Visitor: 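One structure coming up, written as structure tokens, with questions to follow.
Protein chains get the first letters and strands the later ones, always in sequence-line order, with residue 1 at the start of each. Note that the coordinates shown come from a computational prediction; the quantities given were computed from them, not determined experimentally.
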Protein chains: 2
Amino acid sequence: MARDTEKRRAELRDRLLDIAEREVRNNGAASLRARALASEAGCAVGAIYNVFDDMTGLVLAVNGRTFGRLGETVTNAVAKAGPDPTEQLITIARSYLAFASTDPNLWRALFVADMSTDSAVPAWYLQELQRLFAMIAAPLTKLHPDAPPDEIDLMTRTLFSSVHGIILLGLERRISGVPEAKIEEMIGFLLRRVTGADKGRVSGD
Amino acid sequence: MARDTEKRRAELRDRLLDIAEREVRNNGAASLRARALASEAGCAVGAIYNVFDDMTGLVLAVNGRTFGRLGETVTNAVAKAGPDPTEQLITIARSYLAFASTDPNLWRALFVADMSTDSAVPAWYLQELQRLFAMIAAPLTKLHPDAPPDEIDLMTRTLFSSVHGIILLGLERRISGVPEAKIEEMIGFLLRRVTGADKGRVSGD
DNA sequence: ATATGCGTTGAACGCTGTTCAAGGGGACAT
DNA sequence: ATGTCCCCTTGAACAGCGTTCAACGCATAT
């Protein structure tokens, strides 16, 4: 019987996750409703709380999936990239942009700061972030073989945050409404400048 | 009588704005409560809606004040800066960081995307943004006298978004919890690299 | 003094996430 | 086959939210 319940719960968990993911993808994390979710999943509202801590926990679970797919996307992209470190960085940034641009709502949900509660940041979250950072640090180390690790780390965070900011504000229609091609151009410009691959020109490639 | 009510309303508007601003500063825009606000301002909950469209409108009004102070802060900073364009850019970014770091909640409220409704972006918002962009574009034009205006514009947005991203994630404890000095270092590194003021070294100063 | 019009009010509405007493159903003992 | 028990699921109930609007009261005009 114990196993039976376990299975039922696992199935319900998956079903809820699927529905929640679809809702976040289509309408954003803010429009998740407990009642609508339960109704569509064919369970009671209370059942959600047998499987997730609360609605925030559910969004967190969605983020887990999203982060996983993001990691794979970027990993695949850099696997196909050439040997030039600068181009590798651009490839990483480009795949990051493509991911964010394809599913902006899922992507934004990764960064909604409802983790206000202390230490509510799950371990896997920081782990996935490290995975991303490591992929950025690798080409940077090739570019600067003599730089100490903490300087590589600082450059990594700087580049990630910069590209993240460009994408964040670029996708926000209120500020610029820049087309995706323009965002790619901005990223390419920034990265080539920072890595020193382009010392003089103003426009990129 | 008409003048009388007008004055009463203006006073109430100011009082509500003061209280709301304090609340946003201390606890973030998300924790603004209509009832608490009315109770503290000594008015009925409905009175808020005689003076503001809704709660979003109130936050928008707070943002108006905030954006004004931000503009002045940056303006003052660049007025005191030297003639070197790169250092001017760094000064702008530094004052932006100082502002965000002093009142992170007020600063973040500027960018909460509750302007989801179409064309809900007030004119003054875009205007203040243009004011910021113009201050960035000026030193950039000095650095690249021959660049066409739209390339200057693209660089402006790129730099603003990058610095914004660095500050955004830098102040977010969940991702790095980097001390403010480290954030300044990151910004300085990025700007010197992008402007070409620092071509080889890894660490800035 | 009475009537009129308008600004202000706060109880009520519809919505939210979350809880927990009550009911249902499978497993085991008799 | 029946009874007992226990745990899981349920959904009505709760506390709180932003927002509204019929009713109230006050200041002015008659």
Visitor: Checking contacts here: which listed nucleotide (D/dC8, D/dT19, D/dG11) is nearest the side-chain heavy atoms of A/A44?
Guide: D/dG11

Visitor: Just compare C/dT9, D/dG11, D/dC8 and give me whichever is closest to any side-chain atom of B/N50.
Guide: C/dT9

Visitor: Can you tell me the distance, in whole Å, between the CG atom of B/D53 and the C1' atom of D/dG18?
Guide: 14 Å

Visitor: So which of residues 19-42 of chain A are in contact with DNA chain C, with a heavy-atom cut-off of under 4.0 Å?
Guide: A/L32, A/R33, A/A34, A/R35

Visitor: For A/I48 and C/dG17, give me the distance from atom CD1 to atom P, rounded to whole Å.
Guide: 8 Å

Visitor: Is A/D54 reaching over with its side chain to a backbone N or O of A/T56, donor-acceptor style, under 3.5 angstrom?
Guide: yes

Visitor: Using residues 127-136 of chain B as the side-chain source, report each donor-acceptor pair under 3.5 Å to any protein atom, sequence neighbours left out, with the distance given to one decimal.
Guide:
| residue | atom | partner | partner atom | Å |
| --- | --- | --- | --- | --- |
| B/E128 | OE1 | B/R131 | NH1 | 3.3 |

Visitor: What is the distance from atom CG of B/L159 to atom CG of B/L140, rounded to the nearest 0.5 Å?
Guide: 5.5 Å

Visitor: Check this for me: does any side-chain nitrogen of one of A/D18 and A/R65 sit under 4.0 Å from a carboxylate oxygen of the other?
Guide: yes

Visitor: State whether the side chain of B/S161 and the backbone N or O of B/T158 hold a donor-acceptor pair below 3.5 Å, judged by distance alone.
Guide: no

Visitor: May I have the distance from A/Y49 (atom OH) to C/dT19 (atom P), rounded to whole angstrom?
Guide: 7 Å

Visitor: Report the distance from atom CG of A/L12 to atom C1' of D/dC8, rounded to the nearest whole Å.
Guide: 13 Å

Visitor: Would you kindly give the CG-to-C1' distance between A/D54 and C/dT19, to the nearest whole Å?
Guide: 13 Å

Visitor: Does B/R9 reach the main-chain N or O of B/N50 with its side chain, forming a donor-acceptor pair under 3.5 Å?
Guide: yes

Visitor: Enter the inter-axis angle for the ends of the helix from C/dA1-D/dT30 to C/dT30-D/dA1 (five pairs per end, rounded to 10°).
Guide: 30°

Visitor: Side-chain polar contacts of residues 77-86 of chain A - donor-acceptor pairs under 3.5 angstrom, sequence neighbours left out - could you list them?
Guide:
| residue | atom | partner | partner atom | Å |
| --- | --- | --- | --- | --- |
| A/D84 | OD2 | A/E87 | N | 3.1 |
| A/T86 | OG1 | A/T195 | OG1 | 3.2 |

Visitor: When the distance from CZ of A/R13 to P of D/dT9 is rounded to whole Å, what number comes out?
Guide: 15 Å

Visitor: Can you tell me how far P of C/dC15 sits from CE of A/M55, to the nearest Å?
Guide: 16 Å

Visitor: Could you pull out all residues at least two apart from A/S39 that satisfy side chain to side chain donor-acceptor pair (under 3.5 Å)?
Guide: none

Visitor: List in chain and number order the residues that pass salt bridge (charged side-chain N to carboxylate O under 4.0 Å, His left out) with A/R22, two or more places apart in sequence or in another chain; answer none if no residue qualifies.
Guide: A/E40

Visitor: Can you tell me the distance, in whole Å, between the CG atom of A/L58 and the C1' atom of C/dT16?
Guide: 15 Å

